[in-house]
Amino acid sequence: MSEKELRRSLSVLPIGTVMKLTDLSARQIRYYEEQGLVMPERNDGNRRMYSLNDIDRILEIKDYLDDGLNISGIKEVYKKQQQLEDEKKNHQDTQLTDSDVRRILEDEFLHISGLMPPSSTFNNQKL
DNA sequence: TTTCTTACA
DNA sequence: TGTAAGAA
């Protein structure tokens, strides 16, 4: 991991700073954590400490919400991304190319952002 | 002062 | 999601 990545992953921001940076309420920020969308560290007194990566994550969540996605929809987006990353890691037993990954993700975006049925996202065969 | 958790006329 | 209450 590069030094840059390490710095971005250092949790040094209290929720108050995150509120100003994201223009979200503490309530909302904590709620996203409850939903497993972000997992900030805790310091001494059980206070949440966020990293720059967390900030990006939260801003991303905010954008998705503005685009009409609900929490469950966002969860699926991240689930999909992680799923694709895993497959990418086992590049040998799968036949997915980078362009395939990009296409699948694109498809998911349109699918999910268009107010999809909660259970219609498991039909991602192998193209 | 700031943040945490819990709960809801 | 907001807000109040009590604790840390």
Side-chain angles (χ1 to χ4, degrees):
Chain A
M1 196 179 275
S2 70
E3 296 175 33
K4 180 183 176 185
E5 297 171 80
L6 286 174
R7 279 191 302 249
R8 288 189 65 73
S9 59
L10 284 184
S11 301
V12 294
L13 311 173
I15 198 169
T17 301
V18 181
M19 289 174 70
K20 294 175 182 175
L21 258 32
T22 64
D23 192 42
L24 291 170
S25 65
R27 181 76 158 84
Q28 293 173 300
I29 298 170
R30 296 186 187 119
Y31 178 64
Y32 302 154
E33 179 184 359
E34 281 186 62
Q35 301 311 302
L37 270 32
V38 289
M39 35 175 289
E41 293 179 357
R42 296 291 184 125
N43 66 358
D44 49 296
N46 191 42
R47 282 166 162 56
R48 275 168 264 251
M49 296 303 272
Y50 300 80
S51 67
L52 295 177
N53 283 324
D54 290 328
I55 299 296
D56 288 337
R57 175 75 133 195
I58 294 172
L59 289 173
E60 195 172 58
I61 293 170
K62 187 186 176 188
D63 286 337
Y64 283 143
L65 256 24
D66 288 333
D67 285 334
L69 278 70
N70 51 37
I71 300 298
S72 51
I74 297 176
K75 286 184 185 177
E76 305 214 32
V77 169
Y78 290 141
K79 191 186 72 176
K80 226 96 277 176
Q81 296 188 326
Q82 187 192 306
Q83 182 179 116
L84 293 178
E85 282 179 27
D86 292 341
E87 293 186 52
K88 211 173 178 181
K89 187 157 190 170
N90 312 330
H91 227 308
Q92 55 178 58
D93 63 282
T94 61
Q95 308 177 327
L96 292 178
T97 66
D98 289 342
S99 64
D100 287 330
V101 172
R102 181 187 58 62
R103 190 200 301 178
I104 294 176
L105 218 49
E106 228 170 59
D107 186 67
E108 276 307 312
F109 266 39
L110 298 174
H111 190 200
I112 298 179
S113 59
L115 303 179
M116 63 342 72
S119 60
S120 63
T121 52
F122 289 91
N123 314 328
N124 280 319
Q125 304 294 320
K126 296 304 176 293
L127 300 180

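Letters A, B, ... are given to chains in the order of the sequence lines, protein chains preceding strands, and every chain is numbered from 1. Only this structure's heavy atoms are used, side chains among them; waters, hydrogens and symmetry mates stay out. The structure presented is a predicted model; accordingly, all values stated were derived computationally and were not measured.
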Legend entry - Listed nucleotide nearest any side-chain atom of A:R27, set C:dT1, B:dT2, B:dT5: C:dT1

Inset, instruction - Counting heavy atoms from C-beta on, name the nucleotide in C:dT1, B:dT2, B:dC4 closest to the side chain of A:Q28. - result: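 So the nucleotide nearest the side chain must be C:dT1.
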
To the nearest angstrom, how far is [X] atom [atom1] from [N] atom [atom2]?
X: A:E34; N: B:dA7; atom1: CD; atom2: P; result: 12 Å
X: A:N46; N: B:dT5; atom1: CG; atom2: C1'; result: 9 Å
X: A:I15; N: B:dT2; atom1: CD1; atom2: P; result: 13 Å
X: A:N43; N: B:dT2; atom1: CG; atom2: P; result: 16 Å

Please determine if a side-chain N or O atom of [X] lies less than 4.0 Å away from the OP1 or OP2 oxygen of [N].
X: A:R47; N: B:dT2; answer: no
X: A:S25; N: C:dG2; answer: yes
X: A:Y32; N: C:dT1; answer: yes

Inset, instruction - Look at all strands and tell whether A:G16 reaches a base, only sugar-phosphate, or nothing, counting heavy atoms closer than 4.0 Å. - result: sugar-phosphate

Inset, instruction - Might you work through the salt bridge (Lys or Arg N to Asp or Glu O under 4.0 Å) test for A:R42 and A:E33, ending with a clear yes or no? - result: CA-CA 12 Å; A:R42 296 291 184 125; A:E33 179 184 359; 3.7 Å; yes

Legend entry - Ring-face cation contact, A:Y78 with A:R57, 6.0 Å cut, 45° max: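 Geometry flag: set, cation within 6.0 Å and 45°.
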
Inset, instruction - Tell me yes or no: between the side chains of A:R47 and A:N43, is some donor less than 3.5 Å from an acceptor? - result: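 A:R47 vs A:N43: no donor-acceptor pair found between side chains.
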
Legend entry - Residues A:S72 and A:N70: side-chain donor-acceptor under 3.5 angstrom: yes

